[in-house]
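Since the structure comes first, as structure tokens, the remarks are kept for the end.
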Amino acid sequence: MGSEHGTPEKRRERLRQQEWKDNPQGVSKDSWERGRHGSLVDLVGALSWKGTGILLLVMILGFIVYAVFFR
């Protein structure tokens, strides 16, 4: 296996580490903003595909309920 192969989590972590080495000030600002506002990428990365599907389903149902009752 080459260095480009591996699980998506390992590749994502490798990319984060490389970005940290290349631009530590920009990454610090990004992480500060993510910490304050949350990040959908981190949320979906932490969930399984089933959890992501459930999250999307809840968001779609919430939008439908909002559209029916509040418009």
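What's counted below: heavy atoms across the whole structure, side chains too, no hydrogens, waters or symmetry copies. The chain is numbered in sequence order, starting from 1.
Taken together through direct or relayed side-chain contacts under 4.5 Å among Ile, Leu, Val, Met, Phe, Trp and Tyr, Phe69 and Met59 form parts of separate hydrophobic clusters. Residues Ile64 and Leu57 do not share a hydrophobic cluster, clusters being chains of Ile/Leu/Val/Met/Phe/Trp/Tyr side chains in contact below 4.5 Å.
For the ring-ring contact (aromatic ring centres under 6.0 Å, His included) test, residues two or more places apart in sequence or in another chain that qualify with Phe70 are Tyr66.
Within the model, atoms CZ of Arg14 and CD of Gln17 stand 11.0 Å from one another, a figure rounded to the nearest 0.5 Å.
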